[in-house]
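Here's the structure, in C-alpha cells; my notes come after.
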Amino acid sequence: MGSEAIIVFLIAGIVLVAGANFLSNLLSPKSDNSQKREPYESGMTTIGPTWVQFKVGYYLYAILFLVFDVEVAFLIPWAVVFQKVGVVALYEIIIFLVILGLGLAYAWKKEALKWE
C-alpha cells in the first residue's frame, strides 16, 4: 500500500504543477514590445552597460548568511527535543557547532568578512 500512495502523490504533483504552468501560460496577458526586453532599473533608462559583474564579497556574505541560517534551522528542533534525546545529542550538537565555528574562523582568517 505504501508504494502505490507514493506513485499517486508523485503523479498528482506532476499533474498539478504542469496544469498550473499550462493555465498560467494560457490565461496570462501577453504583449511584446521593445520596453519588455530592456533591463528593469526603477523605471529609468540605464546609463552605461546593463550587465555588470558584482564583487565576490556579496556572494561570500550571502553564503555565510545561509550557513548560519541553516545552523539556526537545525538548532531550534534540537532545543525542542533536547530533554528527550539525552546527553548524546549534546555531544552531537557541540561537534556541529565546533565545525561551524571552524568554518567561521577560516572565513575570518581569509578576510572573507572584511567589507571593502
Side-chain angles (χ1 to χ4, degrees):
M1 181 65 184
S3 64
E4 293 91 10
I6 292 173
I7 292 172
V8 168
F9 278 115
L10 183 65
I11 291 172
I14 291 171
V15 167
L16 287 173
V17 170
N21 282 334
F22 175 75
L23 283 175
S24 172
N25 287 333
L26 184 68
L27 299 176
S28 64
K30 293 168 185 59
S31 70
D32 191 28
N33 56 35
S34 62
Q35 288 181 339
K36 288 266 187 181
R37 294 189 196 106
E38 290 184 16
Y40 176 75
E41 256 186 52
S42 67
M44 299 173 57
T45 57
T46 57
I47 300 171
T50 55
W51 291 97
V52 294
Q53 185 174 4
F54 289 104
K55 293 173 66 175
V56 94
Y58 298 124
Y59 299 109
L60 290 175
Y61 265 81
I63 289 171
L64 287 171
F65 172 77
L66 287 175
V67 165
F68 291 104
D69 193 41
V70 169
E71 173 189 355
V72 170
F74 281 120
L75 282 176
I76 291 172
W78 172 83
V80 170
V81 297
F82 172 67
Q83 289 183 347
K84 295 178 187 174
V85 182
V87 75
V88 175
L90 178 64
Y91 296 137
E92 289 175 353
I93 205 69
I94 288 172
I95 292 170
F96 177 69
L97 291 174
V98 166
I99 291 171
L100 282 174
L102 289 173
L104 178 63
Y106 177 78
W108 201 324
K109 183 179 181 213
K110 291 291 184 177
E111 296 182 349
L113 302 174
K114 187 177 280 188
W115 196 264
E116 296 176 357

Remaining members of the apolar cluster that contains Val8, side-chain heavy atoms under 4.5 Å:
none
Which residues pass the side-chain contact (heavy atoms from CB on, under 4.5 Å) test with Ile94, not counting sequence neighbours?
Leu90, Val98
Would you mind listing every ring-ring contact (aromatic ring centres under 6.0 Å, His included) that reaches into residues 4-26, with sequence neighbours excluded?
none
Does CH2 belonging to Trp78 count more than 12 external heavy atoms closer than 6.0 Å?
yes
Applying ring-ring contact (aromatic ring centres under 6.0 Å, His included) as the test, list every pair that has at least one member in residues 86-107; sequence neighbours left out.
Phe74-Phe96
Using a 4.5 Å side-chain heavy-atom cut-off and chaining through intermediate ILVMFWY residues, the residues clustered with Val85 come out as Val80, Val81
Just wondering, do Leu104 and Leu100 contact through their side chains at under 4.5 Å, heavy atoms?
no
Please round to the nearest 0.5 Å and tell me the distance separating atom NZ of Lys109 and atom CG of Leu102.
12.0 Å
Ala107 meets the side-chain contact (heavy atoms from CB on, under 4.5 Å) criterion, sequence neighbours left out, with Leu64, Ala112
Applying the 4.5 Å side-chain criterion to the ILVMFWY set and letting contacts propagate, would Ile99 and Phe68 be lumped into a single cluster?
no
Output the distance between atom CD (Glu71) and atom CD1 (Ile76), rounded to the nearest 0.5 Å.
10.5 Å
